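See below for the structure under consideration.
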Amino acid sequence: MDQESKDFIEEQKRVDFVIEEIERKEDKLARHAHEIKERVIDLRKSFWDDVTVNIDDPDDIIETQASIKQQAELLSERERSHGQLSEELKTLKRLKDSPYFGRIDFLEDGEKKTDNIYIGISSLMDTKDEDFLIYDWRAPISSLYYDYPPGPAQYDTVDGSIDGEMKLKRQFIIRNGYINGMFNTGLTIGDHLLQSVLGDNASVSMKSIVATIQKEQNQIIRNDKSKLLIVQGVAGSGKTSAALQRVAYLLYRYREILTSENIILFSPNPLFNSYVATVLPELGEENMKQTTFQEHVEERLGNQYDIETPFEQMEYYLTGDDHNSEYEARVEGIRFKASLVFKKWMDDYLEYLSSEGIIFRNIKFRGERILTKGQIEDYFYGLDSSISIANRMELVRDWIVETLNKLKQKEIKQDWVLEELDLMEKEDYVNAFQQLEKGKQFTEDSFDDFEREEELLREMVVTRKLTPLRKKVKALSFVNVHATFMNFFQRWSHENKSESEPTNWYDICKQTVSNMKQKVLAWEDVSPYLYLQDHILGFLVNRTIRHVFIDEAQDYSPFQFAYIKEKYPYSRVTLLGDYNQAIYAHTYAGETLLSPTNENESERITLTRSYRSTKEIVDFTKDLITGGEVIEPFNREGTKPSLCMTQNENVLVSLIVEKLKSLREKGYETIAVICKTMEESERAYNQLKDYLPIKFMDQNTKTFQKGLIVIPAYLAKGIEFDSVIIYNASEENYCKEIERNLFYTACTRAMHELIMFSHGTPSTFIQAVSDEKYILTD
């Protein structure tokens, strides 16, 4: 028997031993969990039996409250313990199927004994809880597996670096407790393991593949020093997966001071949120908060405006007429309003507003002005100008509330209040009488009950009438942010000319004011409006978030990012994206957040190797973009992309239907027909739905399901499919330079097969690629 076979037998014996240990721990934990569950059930049943309830006097009330609190805390502690045990059982179940994926033999300098380190998704101690049978992939020593080949190696701990020599690096593919593959390897995670993982079908949720983390991805995951971490990764380089594993690492590394509630992920759309939602739970961690910038905007602005979505803006951008002056001005406005130059304009405007120019609203009660906007303006600008605008607004609010209190006392005596008393419900009279009786218990003064009751009822009427107004005042509704924002475009920016003023600035202002008058907020105006509003009314800083992750960061404008940084001033930020997939109007021919930065404490990591697609697909797609030669394909072979041309749209639909049927017969589970726009997607869906069970995904789709789908390219960002069909890759459809990145993004969604159909002459983007890199089909 050769050494390899002996090693295999020994390793399988160890797997069997570890699984036996897991089963023993499972049995022990399950019994303990059952006991606690029974206690929880008993506590719930007997909760009030063990509580002393007595409300005869104040001391008894306090004793009763303490008794209830004690019983509730006991129940909560039991429920918490049961929850923790349930999570431990879930982890053991995952480990039983595949206990670990890697082994390193490490000899520490100065030691004589080599340590055999087995690495899995979670740690596991032996029965006596003395030695590690498995080390968590996030443990400091586990970094050796990702960062070094056999030979000299070191890893960092809290107490400093540990140096030594790695004697062996071995990888396993273990399924259902059996070793299906075992490889000794060098620096990178071996191709055998990657081939096994990457050759699978796409999933409806992102996979947690900690076994295949590469060295450069590990640098992202374990980076805990940079204030700003920028990750520029080509399509399919695993940047999003590495980011989520980075979250898991941070929660593990700083578990004493950091929870999932201290982390937020900004993702491109709700569909993507669903796609990545299972990664952290698979790693034994709770999901952090996930949102989109659009959701944040809608939460902040409520129903004040009809807010354009980024996808509606994208549709306008892709379908507009380049030769239309209105379209030209809008696009120029989109790009300018996204810039830090425009943010500087807004800062200058805020400086002006500090001394004059804020527009206020009159405050009325029962149709009469209590305070005019002029009086409020005089009071505001009469305050010390060294105080910030937002703090002065609080002082104005307090002044107005005091004015309302004085008004209340005056209005109580008015005749209209007596008229309102006749309309009051019987319940109101009962409440007034009860208050009256309660007052008698604490005073010996005598008074006329009837007069006192009327006084109470009058106060009740006026208080009710003033309550809505008080709420508006406390919400600072007396500030007319809408008019103040419009004034920037109507007057201030024209009176304060700047060399950086866009060519079409007059038309841009005209469009903005027209929208605002109709209570429509264009997407490019959202960040500036929020920025102005928050600096006038008070910036709602989030002090609990410690880490902000922004995926598809190339689609965020510099203005948006500046706003986010102000919103989360105490956070470290991780930006992830690919400037080759920058598809929004404000990113074209300009800098993105992924461009080199001069910010202090920033670090930049570039990922150039693509793992998602086959070598043939990567070789094709990298020629679609400028600078694509730096992209390195992973050596997973497949078929070349194919291109089919037809002049007849009916024939085009027929060919796509046949191809979809063929792909399903091959066993592909997720097949996407990717279109340029939502309009084209709807047309494609209506053409295909009568022939095949196909789903249509739009911006409101919340979950990603297996099967055949039709989707616009900009919603498919960040998602992968077994096979992709480009619905119409014609020159007519993809001809503008601004559409190059969109076309590249669509093509790079494919894992195994890329099929392009063209209604007419194919796009110049395809024509520029060597004929050897794709196949022409009939």
Side-chain angles (χ1 to χ4, degrees), residues 7 10-11 14-15 17-18 21-22 25 88 91-92 94-95 98-174 182-190 193 208-225 242 244-258 282-285:
D7 288 346
E10 288 300 314
E11 292 290 8
R14 188 182 191 280
V15 170
F17 167 72
V18 169
E21 289 288 286
I22 291 171
K25 283 182 176 283
E88 289 180 41
T91 300
L92 288 175
R94 288 195 293 268
L95 286 177
S98 180
Y100 42 82
F101 52 78
R103 167 186 170 180
I104 50 175
D105 292 357
F106 183 69
L107 178 61
E108 185 181 332
D109 287 351
E111 299 290 333
K112 294 180 180 179
K113 183 183 176 183
T114 299
D115 292 321
N116 300 333
I117 311 297
Y118 287 83
I119 301 167
I121 63 167
S122 183
S123 296
L124 180 73
M125 304 288 286
D126 61 12
T127 306
K128 297 179 181 179
D129 286 336
E130 292 178 352
D131 297 314
F132 279 96
L133 297 176
I134 307 170
Y135 282 84
D136 192 296
W137 65 278
R138 297 165 289 186
I141 197 169
S142 300
S143 65
L144 293 170
Y145 174 78
Y146 300 111
D147 290 343
Y148 292 97
Q154 70 169 43
Y155 66 95
D156 294 327
T157 70
V158 177
D159 299 323
S161 295
I162 304 295
D163 297 295
E165 182 181 358
M166 188 190 297
K167 299 288 188 180
L168 174 73
K169 183 174 181 179
R170 180 171 288 169
Q171 296 168 3
F172 303 96
I173 299 175
I174 303 175
M182 186 179 87
F183 325 100
N184 291 346
T185 186
L187 171 61
T188 58
I189 306 305
L193 190 56
S208 163
I209 317 175
V210 294
T212 58
I213 294 168
Q214 304 294 290
K215 181 179 180 180
E216 63 272 17
Q217 295 167 336
N218 197 42
Q219 292 174 348
I220 299 168
I221 293 167
R222 294 176 188 264
N223 184 303
D224 52 9
K225 297 177 183 177
L244 295 170
Q245 287 155 350
R246 171 168 164 73
V247 172
Y249 168 76
L250 291 169
L251 291 171
Y252 174 87
R253 172 74 173 79
Y254 299 101
R255 53 190 176 277
E256 300 298 329
I257 58 173
L258 191 71
E282 282 182 9
L283 295 172
E285 301 290 355

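What you are looking at is a predicted structure, and each value in this text was computed from that prediction instead of being measured. Hydrogens, waters and symmetry mates play no part in the numbers below; they use all other heavy atoms, side chains included.
Distance check: Lys169 NZ to Phe106 CZ gives 13.0 Å after rounding to the nearest 0.5 Å. The structure places OG1 of Thr114 at 11.0 Å from CD of Glu108, a figure rounded to the nearest 0.5 Å. Separating the CG atom in Leu124 from the CG atom in Leu92 is a distance of 6.5 Å, to the nearest 0.5 Å. Atom CD in Gln219 sits 7.0 Å away from atom CG in Asp147 (nearest 0.5 Å). Annotation: the span from Leu168 atom CG to Asn184 atom CG amounts to 5.0 Å, rounded to 0.5 Å. Put simply, CZ on Arg94 and CD1 on Ile22 are 12.0 Å apart, with the number rounded to the nearest 0.5 Å.
Phe101 places a side-chain heavy atom less than 4.5 Å from the side chain of Ile119. When side chains are defined from C-beta on, Ile117 does not count as touching Phe132, because their heavy atoms never get closer than 4.5 Å. Counting heavy atoms from C-beta on, the side chains of Ile104 and Tyr148 never come closer than 4.5 Å. The shortest side-chain heavy-atom distance between Tyr118 and Phe172 falls under the 4.5 Å cut-off.
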N/O donor-acceptor pairs under 3.5 Å from side chains in residues 158-166, not counting sequence neighbours:
residue	atom	partner	partner atom	Å
Ser161	OG	Asp156	OD1	2.7
Glu165	OE1	Lys167	NZ	3.3

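What you find for Arg14 and Leu133 is that their closest heavy atoms are NH2-O, 2.9 Å. Taking both residues in full, the closest heavy atoms of Tyr100 and Val18 are given as CE2-CG2, 4.2 Å, listed atom of the first, atom of the second, then distance. The shortest heavy-atom contact between Ile221 and Tyr249 is O-CD2, 3.1 Å. Contact between Ala139 and Arg222 at its shortest, heavy atoms only, is O-NH1, 3.3 Å. Of all the heavy atoms in Arg170 and Asp7, the pair that sits closest is NH2-OD2, 3.3 Å. Contact record, Arg138 with Ile121: NH2-O, 4.4 Å, taken as the closest heavy-atom pair.
Put simply, the residue from Asp129, Leu95, Thr127 that forms a side chain to side chain contact (heavy atoms under 4.5 Å, CB included) with Lys25 is Asp129.
The pair Arg253-Asp136 does not count as a salt bridge, with every side-chain nitrogen at least 4.0 angstrom from each carboxylate oxygen. Salt-bridge formation is detected for the pair Asp105/Arg103: a Lys NZ or Arg NE/NH1/NH2 atom is positioned less than 4.0 Å from an Asp or Glu carboxylate oxygen.
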